Undergrad: 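If you scroll down you'll find the structure; I have some questions about it.
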Amino acid sequence: MRIWIDADACPVVIKEILYRAADRTKIQLTLVANQSMTIPKSRFINSIQVPQGFDVADNEIVKQLVAGDLVITSDIPLAADVIEKGGLALSPRGELYTANNIKARLTMRDFMESLRSSGVDTGGPSAMSQADRKSFANHLDKFLTQFAKKTK
């Protein structure tokens, strides 16, 4: 099992939570981005730099992902691909994407995109809150605890 981060848009505070979790649990963590990243020195943390381009990082994650891996992303189409391949997807705000909710999320995303393309200002996401960080950390801890139980 590995943890993959769609790293171009992942907040630094979430990356730091993941770095500590990878070292604590000895689970491989891979950041995928189209730019160079500075990461902590750890045998459990690495990065892959992909070429610039639309969905190049997403495609790399899906290509290397195996069932049971966890992907950290706010990209809903990527989350849908992860779920379809048997992986788990968690947003940096702590929202767990599942087979039960991903279709509704895709529909809402497409609706908002059509509003934006027609000139409607839909605003952006709110700033990352302490509650978002706590929700993310709680979901991550729950996932890692379940994984630890399976491997014993």
Side-chain angles (χ1 to χ4, degrees), residues 1-102 104-106 108-109 112-113 122-152:
M1 197 273 302
R2 295 180 76 116
I3 300 173
W4 300 89
I5 304 176
D6 182 9
D8 285 320
C10 187
V12 171
V13 66
I14 298 303
K15 290 177 189 172
E16 290 170 352
I17 291 169
L18 288 160
Y19 297 153
R20 289 190 299 273
D23 278 333
R24 184 181 77 245
T25 61
K26 299 176 177 29
I27 293 176
Q28 288 296 310
L29 174 68
T30 303
L31 293 87
V32 182
N34 59 23
Q35 57 189 327
S36 179
M37 293 171 286
T38 303
I39 59 172
K41 291 186 181 203
S42 168
R43 65 186 187 133
F44 303 107
I45 303 168
N46 65 5
S47 66
I48 298 172
Q49 184 176 352
V50 296
Q52 295 284 333
F54 186 70
D55 286 344
V56 176
D58 298 356
N59 294 338
E60 184 66 22
I61 291 170
V62 172
K63 181 175 107 180
Q64 293 202 33
L65 172 80
V66 298
D69 284 358
L70 174 65
V71 176
I72 309 305
T73 186
S74 54
D75 184 307
I76 295 171
L78 171 57
D81 290 343
V82 167
I83 291 166
E84 186 175 310
K85 197 167 175 185
L88 302 163
L90 178 63
S91 84
R93 293 179 181 267
E95 181 180 8
L96 185 64
Y97 300 112
T98 67
N100 293 330
N101 70 17
I102 196 65
R105 299 289 187 267
L106 281 167
M108 181 57 75
R109 176 200 172 270
M112 296 301 283
E113 182 63 31
T122 60
S126 60
M128 187 86 155
S129 70
Q130 186 63 32
D132 293 331
R133 289 188 282 264
K134 184 172 174 40
S135 177
F136 176 82
N138 288 343
H139 273 99
L140 179 66
D141 188 52
K142 182 178 177 184
F143 173 78
L144 295 174
T145 301
Q146 289 172 346
F147 175 75
K149 286 179 183 177
K150 287 179 186 177
T151 59
K152 286 187 178 185

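Here the structure is a predicted model, which means the values were calculated and not measured.
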Undergrad: Looking at I72 and C10, what are the two nearest heavy atoms and their distance?
TA: CG2-SG, 4.4 Å
Undergrad: Is there a donor-acceptor contact under 3.5 Å from the side chain of D132 to the main chain of S129?
TA: yes
Undergrad: Check whether any side-chain N or O of T25 sits under 3.5 Å from a backbone N or O of A21 as a donor-acceptor pair, and report yes or no.
TA: yes
Undergrad: Check whether any side-chain heavy atom of V82 sits under 4.5 Å from a side-chain heavy atom of L65, and report yes or no.
TA: yes
Undergrad: How far apart are the closest heavy atoms of A7 and A33, and which atoms are they?
TA: CB-CB, 4.1 Å
Undergrad: Any side-chain heavy atom of D23 sitting closer than 4.5 Å to one from Y19?
TA: no
Undergrad: Starting at CD of Q64, measure out to CZ of R2 and round the result to the nearest 0.5 Å.
TA: 7.0 Å
Undergrad: Could you check whether any side-chain heavy atom of F143 comes within less than 4.5 Å of a side-chain heavy atom of L70, counting everything from C-beta outward?
TA: yes
Undergrad: Mind checking what makes side-chain contact (heavy atoms from CB on, under 4.5 Å) contact with N138, not counting sequence neighbours?
TA: K134
Undergrad: Taking atom CD of Q35 and atom OG of S47, what is their separation to the nearest 0.5 Å?
TA: 11.0 Å
Undergrad: Kindly indicate whether the side chain of F136, heavy atoms from C-beta on, has any atom under 4.5 Å from the side chain of L96.
TA: no
Undergrad: Got I5 and L18 here, is their nearest side-chain heavy-atom distance under 4.5 Å?
TA: yes
Undergrad: Given the rule in the side chain to side chain contact (heavy atoms under 4.5 Å, CB included) test, do F147 and I27 qualify, once you have shown the distances and angles that lead to the verdict?
TA: CA-CA 10 Å; F147 175 75; I27 293 176; 3.7 Å; yes
Undergrad: Between Q49 and M37, is any pair of side-chain heavy atoms under 4.5 Å apart?
TA: no
Undergrad: Search all heavy atoms of I102 against all heavy atoms of A79 and return the closest pair with its distance.
TA: CD1-CB, 3.9 Å
Undergrad: Does L31 form a side chain to side chain contact (heavy atoms under 4.5 Å, CB included) with I39? I'd like the steps, not just the answer.
TA: CA-CA 9 Å; L31 293 87; I39 59 172; 4.1 Å; yes
Undergrad: Considering the options T30, D6, V50, which one meets the side chain to side chain contact (heavy atoms under 4.5 Å, CB included) requirement together with E60?
TA: V50
Undergrad: Could you check D69 against I61 for side chain to side chain contact (heavy atoms under 4.5 Å, CB included), going step by step and ending with a plain yes or no?
TA: CA-CA 10 Å; D69 284 358; I61 291 170; over 6 Å; no
Undergrad: Identify the two heavy atoms, one from T73 and one from Y97, that lie closest to each other, and give their separation to 0.1 Å.
TA: O-CE1, 3.6 Å
Undergrad: Can any side-chain N or O of K85 pair as donor or acceptor with the backbone N or O of A67 at less than 3.5 Å?
TA: no
Undergrad: Look at the side chain of N59 and the backbone N and O of D55, then say whether any donor-acceptor pair between them is shorter than 3.5 Å.
TA: yes
Undergrad: Tell me whether E84 at atom CD has more than 12 heavy atoms from other residues, nucleotides or ligands lying less than 6.0 Å away.
TA: no
Undergrad: Taking M1's backbone N and O only, do any of them form a donor-acceptor pair with Q28's side chain (distance below 3.5 Å, no angle check)?
TA: no
Undergrad: Can you check side chain to side chain contact (heavy atoms under 4.5 Å, CB included) on V62 and L78, steps first, answer last?
TA: CA-CA 8 Å; V62 172; L78 171 57; 3.5 Å; yes
Undergrad: Could you tell me whether a side-chain N or O of D8 sits under 3.5 Å from a main-chain N or O of N34, the two making a donor and an acceptor?
TA: yes
Undergrad: Measure the CD-NE2 distance between E95 and H139 for me, rounded to the nearest 0.5 Å.
TA: 9.0 Å
